[in-house]
Amino acid sequence: MNLNNVFYFKNIVDRYYPDENRAAVDIQAVVGQVKEQIKSLTDEDFIEVIISCFIPDLYSGMGKCEKLFTKLTELMVGEWWRRMGGFYRLPTKKSGTEDVELIYNDISIACDAKVFRLGRSQKAPNVKDFLKLASVRLWINNLNDGYAAAHSTRHTIGGLVTYSSLHEWESDSEVYEECTNHQTPVAMLPYEVLALLLHHKERFTTDEFFKLWNYKQNGVVTSRQKHNYWGYVTRHICCMLQMTEVEYAAEMKEYHGAILAAAAQYRQIVQSAVDEVERKILDQLNQYNTVDEIKAFALREIEQRDNAIALDYLKHIDDFRYYRDQK
């Protein structure tokens with residue numbers, strides 16, 4: 001794999017934020033620049049970008065780096081759709097709207113582009129954090145109301161959640177029941193499936209792809225069973241691409257190998273950070289000559305670690321809780 005593709009968005013974010021102390025950038029301006037820049041990638045390079053998309057684990061939670069990275073992920077899904085022959089909209093208003101609207105002629109899809117850290121504490125995200133049917137239904141209704149008000153024939157037929165399959169549920173889950181709901185059809189497709197569709201885009205039409213959301217007509221069974229959902233999706237894609245399920249599985253296996261190779265590169269970054277801290281600790285320890293000096297050093301470090309919150313409280317009490325006439 002080309003590491004420039006694996007770390008495509010990370011490299012962009014790190015240029016703007018060499019550290020988290022930098023002033024916040026204009027995210028919309030950055031997205032606008034990357035929107036043009038990313039078009040220069042070949043489909044093969046762009047596929048590596050898609051399947052390697054993970055929030056770098058060392059970014060602080062909900063910090064400036066993570067916010068920019070997340071927005072670039074949404075752009076990535078829009079660029080995938082552009083390469084598929086459609087066009088897209090990235091709403092600037094975040095509250096109560098989809099991440100990306102994927103549009104082709106008179107049909108659109110409300111898309112929620114998910115991106116996760118490899119080092120998160122659970123195999124799969126909480127279902128309610130992954131998909132809220134009520135929210136998707138609201139997005140769809142708002143889009144359709146807007147088109148009706150503009151006297152447009154365009155309509156939004158359903159939702160799409162994109163994500164990394166390394167965060168897939170191991171077994172049956174409520175998420176599959178949500179994704180087989182007839183009233184609000186929402187498909188969940190991991191990034192390697194998007195890559196597969198892009199790789200074979202000459203084999204099918206967009207109209208055929210949209211038929212995936214015809215849950216009622218296609219007899220989709222609403223259930224928590226993982227094999228039920230993936231059986232339906234796999235059959236539809238194989239029929240659309242005119243490939244056997246064995247061929248489909250073989251291509252998925254290739255993508256999965258590439259994803260694990262990318263994950264190993266992300267893991268190496270975290271391991272390097274751990275090794276660097278260990279080296280610094282050893283350098284500090286080597287400054288002491290006696291056991292008592294090392295004990296005193298260890299006591300200070302452990303106290304700062306285990307009493308970090310309490311020490312902050314003491315500092316705040318000392319800094320702020322006083323009367324001038326009592327000083």
**Connected via hydrophobic side-chain network under 4.5 Å: Val161 and Leu198** = yes
**Asked** Would you say the side-chain atoms of Tyr229 pair up with the backbone N or O of Met188, donor to acceptor, closer than 3.5 Å?
**Response** yes
**Request:** Mind checking side-chain contact (heavy atoms from CB on, under 4.5 Å) for Asn142 and listing every partner two or more places apart, or none if nothing turns up?
**Result:** Leu138
**Message:** For Gln28, is the CD atom crowded, meaning more than 12 foreign heavy atoms sit under 6.0 Å from it?
**Reply:** yes
**Request:** Among residues two or more places apart or on two chains, list those pairs meeting salt bridge (Lys or Arg N to Asp or Glu O under 4.0 Å) that have a residue in residues 177-195.
**Result:** none
**Residues in ring pair (Phe, Tyr, Trp, His ring centres under 6.0 Å) contact with Tyr16, at least two apart in sequence or another chain** = none
**Request:** Determine yes or no for a side-chain-to-main-chain donor-acceptor pair under 3.5 angstrom, with Tyr215 supplying the side chain and Cys179 the backbone.
**Result:** yes
**Request:** Please confirm whether the backbone N or O of Leu189 pairs with a side-chain atom of Thr162, one donor and one acceptor, at under 3.5 Å?
**Result:** no
**Asked** Could Glu98 and Arg89 be called an ion pair, given the rule that one side-chain N must be under 4.0 Å from one carboxylate O?
**Response** no
**Request:** Quick one: pull up OH in Tyr147 and OG1 in Thr153 and give me the separation to the nearest 0.5 Å.
**Result:** 10.0 Å
**Separation between NZ of Lys201 and CG of Leu196, rounded to the nearest 0.5 Å** = 13.5 Å
**Request:** Could you tell me which residues satisfy ring pair (Phe, Tyr, Trp, His ring centres under 6.0 Å) with Tyr88, sequence neighbours excluded, listed by chain and number?
**Result:** none
**Request:** Kindly write out the residues that satisfy salt bridge (Lys or Arg N to Asp or Glu O under 4.0 Å) with Arg22, not counting sequence neighbours, or none if the list is empty.
**Result:** Asp19
**Prompt:** Got a second to check how far Ile107's CD1 is from Trp213's CH2, nearest 0.5 Å?
**Reply:** 10.0 Å
**Prompt:** Side-chain heavy atoms under 4.5 angstrom apart, residues restricted to Ile, Leu, Val, Met, Phe, Trp, Tyr: same cluster for Leu212 and Met252?
**Reply:** yes
**side-chain contact (heavy atoms from CB on, under 4.5 Å) between Met76 and Tyr191, intermediate numbers included** = CA-CA 10 Å; Met76 176 189 78; Tyr191 289 118; 3.6 Å; yes
**Item:** Donor-acceptor under 3.5 Å (Lys114 side chain, Asp129 main chain)
**Value:** yes
**Item:** Set of salt bridge (Lys or Arg N to Asp or Glu O under 4.0 Å) partners for Asp283, sequence neighbours left out
**Value:** Arg279
**Request:** Any chance you could lay out the side-chain hydrogen bond (donor to acceptor under 3.5 Å, both in side chains) test for Tyr176 and Ser223, step after step, and finish with the verdict?
**Result:** CA-CA 7 Å; Tyr176 303 111; Ser223 79; over 6 Å; no
**Request:** Would you please name every residue forming a salt bridge (Lys or Arg N to Asp or Glu O under 4.0 Å) with Arg120, sequence neighbours left out?
**Result:** none
**Item:** Flag if over 12 foreign heavy atoms under 6.0 Å of CD1, Ile309
**Value:** no
**Item:** All salt bridge (Lys or Arg N to Asp or Glu O under 4.0 Å) counterparts of Asp14, not counting sequence neighbours
**Value:** Lys10
**Request:** Mark yes or no for whether Asn181, through its side chain, and Thr184, through its backbone, hold a donor-acceptor pair below 3.5 Å.
**Result:** yes
**Request:** Please lay out, stage by stage, how Leu285 and Ile294 fare under the test side-chain contact (heavy atoms from CB on, under 4.5 Å).
**Result:** CA-CA 7 Å; Leu285 288 174; Ile294 293 175; 4.1 Å; yes
**Message:** Around atom NZ of Lys315, are there more than 12 heavy atoms from other residues, nucleotides or ligands closer than 6.0 Å?
**Reply:** no
**Prompt:** Hey, mind stepping through Glu174 and Lys128 against side-chain contact (heavy atoms from CB on, under 4.5 Å) and telling me if it holds?
**Reply:** CA-CA 9 Å; Glu174 181 187 350; Lys128 298 304 180 186; 3.1 Å; yes
**Fill in**
Across all chains, not counting sequence neighbours, the side chain to side chain donor-acceptor pair (under 3.5 Å) partners of Glu20 are Ser60
**Request:** Keeping the roles fixed (side chain from His182, backbone from Val220), state whether a donor-acceptor pair exists under 3.5 Å.
**Result:** yes
**Fill in**
So the salt bridge (Lys or Arg N to Asp or Glu O under 4.0 Å) pairs with at least one residue in residues 25-37 (sequence neighbours excluded) are Glu36-Lys39
**Prompt:** Distance-only, no hydrogens or angles: does the Lys123 side chain make a donor-acceptor pair with backbone N or O of Leu166 under 3.5 Å?
**Reply:** yes
**Asked** Please walk me through it: do Glu208 and Lys211 pass salt bridge (Lys or Arg N to Asp or Glu O under 4.0 Å)?
**Response** CA-CA 5 Å; Glu208 290 176 298; Lys211 290 178 182 177; 6.0 Å; no
**Asked** If you group Ile, Leu, Val, Met, Phe, Trp and Tyr by side-chain heavy-atom gaps below 4.5 Å, do Leu133 and Tyr232 land in one group?
**Response** yes
**Prompt:** Would you say Thr42's side chain and Asp45's backbone share a donor-acceptor pair under 3.5 angstrom?
**Reply:** yes
**Item:** Summary of ring pair (Phe, Tyr, Trp, His ring centres under 6.0 Å) pairs that have at least one residue in residues 19-71, sequence neighbours excluded
**Value:** Phe54-Tyr266
**Asked** Does Glu301 come within less than 4.0 Å of Arg305, counting only side-chain N to carboxylate O?
**Response** no
**Prompt:** In terms of hydrophobic clusters joined by side-chain contacts under 4.5 Å, are Leu41 and Phe87 together?
**Reply:** no
**Prompt:** Are a donor atom and an acceptor atom from the side chains of His200 and Glu251 found within less than 3.5 Å of each other?
**Reply:** yes
**Prompt:** Is there a donor-acceptor pair under 3.5 Å between the side chain of Glu66 and the backbone N or O of Met62?
**Reply:** yes
**Complete:** Quick note, ring pair (Phe, Tyr, Trp, His ring centres under 6.0 Å) partners involving residues 98-132, not counting sequence neighbours, are Phe116-His167, Phe130-Tyr163, Phe130-Trp169
**Request:** Please step through side-chain contact (heavy atoms from CB on, under 4.5 Å) for the pair Ser108 and Ile103, ending with a clear verdict.
**Result:** CA-CA 4 Å; Ser108 84; Ile103 303 167; 3.9 Å; yes
**Message:** If you compare all heavy atoms of Pro91 against all heavy atoms of Asp99, which two are closest, and at what distance to 0.1 Å?
**Reply:** CD-O, 3.2 Å
**Prompt:** Under 3.5 Å, side chain of Asn5 to main-chain N/O of Glu48, donor-acceptor pair present?
**Reply:** no
**Message:** Can you tell whether the side chains of Lys71 and Glu74 come within less than 4.0 Å, N to carboxylate O?
**Reply:** yes
**Asked** Does atom CD of Gln33 have more than 12 heavy-atom neighbours, drawn from other residues, nucleotides or ligands, at distances under 6.0 Å?
**Response** yes
**Message:** If hydrophobic clusters are built by linking Ile, Leu, Val, Met, Phe, Trp and Tyr wherever their side-chain heavy atoms come under 4.5 Å apart, do Met84 and Val100 end up in the same one?
**Reply:** yes
